[in-house]
Protein chains: 2
Amino acid sequence: MTTRPDLSLAQRKRQLVADELTRAALDLLARKGFDAVTVDEIVATAGVSKRTFFRYFASKEDVVVQFLADMGADMRRELASRPAGEPPSVALRHTVWVSVDACANNADRTLRVVRLILGTPALLARFLERQAQWRGELAEELAARLGLDPAADLYPRLAAGVSLTAFDTVLQRWSDSEGAEDPAALTDRAFALLAPVLDAPQREQRG
Amino acid sequence: MTTRPDLSLAQRKRQLVADELTRAALDLLARKGFDAVTVDEIVATAGVSKRTFFRYFASKEDVVVQFLADMGADMRRELASRPAGEPPSVALRHTVWVSVDACANNADRTLRVVRLILGTPALLARFLERQAQWRGELAEELAARLGLDPAADLYPRLAAGVSLTAFDTVLQRWSDSEGAEDPAALTDRAFALLAPVLDAPQREQRG
DNA sequence: CTGTCCATGGCACTCGGTGTCAAGACGCGC
DNA sequence: GCGCGTCTTGACACCGAGTGCCATGGACAG
């Protein structure tokens with residue numbers, strides 16, 4: 001049974017190390033602050049070498065940000081799977097909901113991470129960079145969905161950006177309120193405000 | 001005449017060094033790419049020490065990003081100076097226009113910088129971080145202007161974010177078209193799409 | 001048992017960024 | 001003229017992030 005079909009052992013070992021590294025890092029960073037913790041400290045806690053750390057994560061920031069990294073792919077998948085006839089405002093609200101929901105579940109861990117990110121310039125920068133990528137992907141998906149030309153119409157990029165602005169605002173509020181405000185409700189309120197823009201894509205011309 | 005009223009000599013010397021540093025950095029970075037240029041190379045070209053460089057700029061990224069840094073303050077000032085009765089969509093369009101205009105003038109230099117930023121992850125990250133600050137400030141200004149409670153209403157942060165999304169989209173388009181598309185026209189088109197959201201702040205309740 | 005593959009660790013190195021201190025430029029009062 | 005604070009600069013040492021390189025050791029195939 002050398003190469004078993006369920007891609008295992010090596011893969012699971014790898015996942016194990018990654019998880020332990022993430023756990024150790026998040027714990028230390030949340031307690032002492034981003035700048036006050038060195039990578040050597042993290043790897044000492046996790047029991048691996050510094051060199052190994054950087055084989056799993058591209059940077060110190062990545063340990064934190066990658067915790068939320070799957071959300072980009074999740075959102076794109078959700079948007080792609082929404083029924084074709086659905087108004088953009090509804091489809092995009094569900095798209096953002098996927099990520100908001102992921103945060104709302106196991107809120108304890110996520111809330112600590114979000115607070116850390118929003119409170120640390122270096123982390124915020126990396127997070128926004130990721131979001132910029134999501135934005136491009138969502139715009140692409142949206143253009144395909146509506147049969148628009150992403151090189152001519154401003155709508156796809158604007159709508160994607162507006163949706164992510166909503167996401168940001170919800171996260172910020174949720175973080176500021178220490179988790180007291182309901183993320184789902186916040187998302188609904190945000191999209192209620194933004195819907196008029198998201199549902200009026202046809203007006204654009206003259207690309 | 002020791003401390004002359006026109007704040008001069010020392011101040012002007014300082015400005016001179018900063019300008020030379022910026023010039024040298026922008027030239028090298030635009031030609032060789034961000035990662036291929038070291039700070040030592042920049043300071044050698046400018047004729048100062050590395051230590052001095054970091055007394056003028058907080059980081060290597062800052063040399064590039066600070067080239068656009070005043071725009072944040074400019075925008076806030078413009079928003080504060082717009083007539084009180086003006087609809088938010090118009091006031092915010094003029095606000096963004098200030099920065100777009102600053103880019104459109106001396107387009108050669110700015111275009112190179114913008115292309116550099118959008119094409120370099122590290123620079124994009126820092127740029128977006130700055131923008132996040134502008135967003136908070138614009139939201140504050142907007143809330144004051146409309147008599148809203150920024151802690152209760154989602155509108156101020158959303159509207160500020162939406163406006164900056166427009167700014168980003170315009171910049172991106174302008175950069176992608178190598179300066180061919182007219183920034184002012186792009187801004188108008190973007191705000192024409194976004195106006196319905198920006199002008200409907202009253203609907204929000206239940207903070 | 002032997003050869004191969006792969007993950008890891010250790011090490012040296014580059015580069016960004018900072019603290020510290022000594023030296024020079026400038027304006028000041030004497 | 002001189003000595004005096006102040007401010008800027010450069011030089012040096014230092015830290016931490018991140019990378020390239022190679023040796024080791026374990027897992028598996030033959």
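Sequence lines set the chain letters: A, B, ... in the order given, protein chains first and strands last, and positions in each chain run from 1.
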Distance in angstrom units between [X] [atom1] and [N] [atom2], rounded:
X      : N       : atom1 : atom2 : result
E41(B) : dG16(C) : CD    : C1'   : 14 Å
L29(A) : dG16(D) : CG    : C1'   : 14 Å
E20(B) : dT8(D)  : CD    : C1'   : 18 Å
I42(B) : dG16(C) : CD1   : C1'   : 11 Å
L21(B) : dT9(D)  : CG    : C1'   : 13 Å
D40(A) : dG9(C)  : CG    : C1'   : 13 Å
F54(B) : dG19(C) : CZ    : C1'   : 14 Å
F53(B) : dA11(D) : CZ    : C1'   : 18 Å

Salt-bridge criterion met for [X] and [Y] (N-O under 4.0 Å):
X       : Y       : value
D62(B)  : R130(B) : yes
R157(B) : D168(A) : no
R77(A)  : D74(A)  : yes
K32(A)  : D27(A)  : no

When you get a sec, tell me which of [options] is the closest nucleotide to the side chain of [X]?
X      : options                  : value
T38(A) : dT8(C), dG16(C), dA17(D) : dA17(D)
S49(A) : dG18(D), dG9(C), dT8(C)  : dG9(C)
E61(B) : dA17(D), dG17(C), dT9(D) : dG17(C)

Any base atoms under 4.0 Å from [X], or only sugar-phosphate, or nothing? Heavy atoms, all strands.
X      : result
V37(A) : sugar-phosphate
K13(A) : nothing
Y56(A) : sugar-phosphate

Is there a donor N/O on one and an acceptor N/O on the other, under 3.5 Å, for the side chain of R51(B) and the base of dG19(C)?
yes
Would you kindly check whether a donor in the side chain of K50(A) faces an acceptor in the base of dG10(C), or vice versa, at under 3.5 angstrom?
no
Is the shortest heavy-atom distance from the side chain of L21(A) to the side chain of V63(A) under 4.5 Å?
no
